[in-house]
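For the numbers below, each heavy atom of this structure counts, side chains included, while hydrogens, waters and symmetry mates do not. Indexing begins at 1, ligand by ligand and atom by atom, following the structure's order.
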Amino acid sequence: MDTTSKEILFSREVIQKRVGELAAQISKDYAGRELILIGVLKGAFIFMADLIREISIPCRVDFARLASYGAGSESSGKVVMTKDIETSIKDKDILIVEDILDTGLTMQYFVDWLRERNPKSLKVCVFLDKRKRRKVTLEADYVGFAMEDGFVVGYGLDFNERYRFSPDIYVIKQ
Ligand code: PRP
């Protein structure tokens, strides 16, 4: 029996407005440059799609697949890359796009991985930032919303692979 209940945290209207603001800021900051957005699958696929369509400068896109959660709501702490990027990022402006920054272990792993390839610049854009649970010193350069603790789903985020499709973001309670 599914005993999961959920409470709305960010509606699709609120999300859309904030994505527009982030895109405007990014377009301004990178004006005159060619940006490569790198999405971290799976969670970032919806945010990435929304963000890139609001950015007004030319962008290229790539994806990596990193996972740390496995089944359940707690990070295993061990980050695994199952798909690398396919673009050469040497001397390029790179913006990592991620749905959520939690312990930061996934992002730290990926930032270190990309830095070894000598990009011209490397910044991080996350839609949700759970700062309280951070285990590394890393901070995102662009943040949609900072949030307290709580397990969130929707807008790409899952619980056991469910709820990714939801246009709104919910906190789940079990
Ligand atoms: C989630 C999320 C981030 C990571 C954040 O991915 O998409 O990549 O966890 O957690 P952290 O800051 O504690 O490392 P997950 O491992 O659940 O894979 P998914 O993107 O395929 O859902």
Side-chain angles (χ1 to χ4, degrees), residues 2 4 6-10 12 14-16 18-19 22-23 26 36-53 61-87 89 94-117 119 122-174:
D2 184 3
T4 307
K6 49 193 184 24
E7 207 169 79
I8 198 152
L9 185 63
F10 300 112
R12 64 197 76 184
V14 167
I15 292 170
Q16 190 186 11
R18 188 67 190 121
V19 170
L22 287 172
I26 292 165
I36 302 178
L37 299 182
I38 300 181
V40 182
L41 297 170
K42 300 178 193 173
F45 77 109
I46 293 178
F47 176 41
M48 175 79 143
D50 282 354
L51 187 68
I52 199 161
R53 286 179 292 175
V61 177
D62 204 343
F63 291 94
R65 163 89 175 109
L66 296 163
S68 66
Y69 272 61
S73 60
E74 277 298 309
S75 172
S76 68
K78 187 175 181 300
V79 180
V80 180
M81 178 183 279
T82 55
K83 183 210 171 301
D84 196 357
I85 57 167
E86 294 161 15
T87 311
I89 63 166
I94 305 300
L95 182 62
I96 302 173
V97 178
E98 178 64 293
D99 51 347
I100 189 165
L101 198 51
D102 189 359
T103 64
L105 292 170
T106 305
M107 189 57 74
Q108 187 67 64
Y109 177 97
F110 196 40
V111 162
D112 291 345
W113 180 271
L114 294 179
R115 275 210 184 110
E116 279 186 21
R117 295 170 187 202
L122 182 61
K123 286 192 177 181
V124 174
C125 175
V126 297
F127 194 66
L128 297 177
D129 188 3
K130 264 199 217 177
R131 246 167 242 153
K132 226 169 129 185
R133 284 171 38 106
R134 199 78 87 251
K135 289 185 178 163
V136 293
T137 51
L138 191 142
E139 289 289 333
D141 300 280
Y142 301 95
V143 174
F145 293 105
M147 58 167 288
E148 295 301 311
D149 212 2
F151 198 85
V152 281
V153 297
Y155 201 61
L157 290 143
D158 76 307
F159 176 52
N160 287 347
E161 293 302 326
R162 298 163 65 203
Y163 309 117
R164 288 197 200 272
F165 58 86
S166 168
D168 310 295
I169 295 177
Y170 294 86
V171 178
I172 63 168
K173 302 176 184 304
Q174 290 181 83

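The side chain of R65, and not its backbone, has at least one atom closer than 4.0 Å to an atom of ligand 1 (non-hydrogen atoms only; side chain from C-beta on). The backbone and the side chain of D102 each have at least one atom closer than 4.0 Å to an atom of ligand 1 (non-hydrogen atoms only). Under 4.0 angstrom from ligand 1, the non-hydrogen atoms of L41 all belong to its backbone. Under 4.0 Å from ligand 1, not a single heavy atom of R133 appears. With a 4.0 Å cut-off on non-hydrogen atoms, R134 does not touch ligand 1 at all.
Ligand 1 places these atoms under 4.0 Å from at least one heavy atom of I100: 2 (C), 3 (C), 5 (C).
Of the residues V126, V40, L22, I15, the one that meets the side chain to side chain contact (heavy atoms under 4.5 Å, CB included) test with F47 is L22.
Between the choices L66, D129, T106, the shortest heavy-atom distance to atom 4 (C) of ligand 1 belongs to T106.
Atom CZ of R134 and atom CD of E139 lie 5.5 Å apart (nearest 0.5 Å).
For Y170 and Y163, the ring centers are positioned 6.0 Å apart or more.
A 4.5 Å side-chain heavy-atom check between V14 and F145 finds at least one atom pair inside the cut-off.
The shortest N or O to N or O distance between G104 and ligand 1 is under 3.5 Å. Taking only nitrogen or oxygen atoms, main chain and side chain alike, V40 does not reach within less than 3.5 Å of ligand 1.
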Q) Can you check side-chain contact (heavy atoms from CB on, under 4.5 Å) on E98 and V124, steps first, answer last? A) CA-CA 8 Å; E98 178 64 293; V124 174; 5.6 Å; no
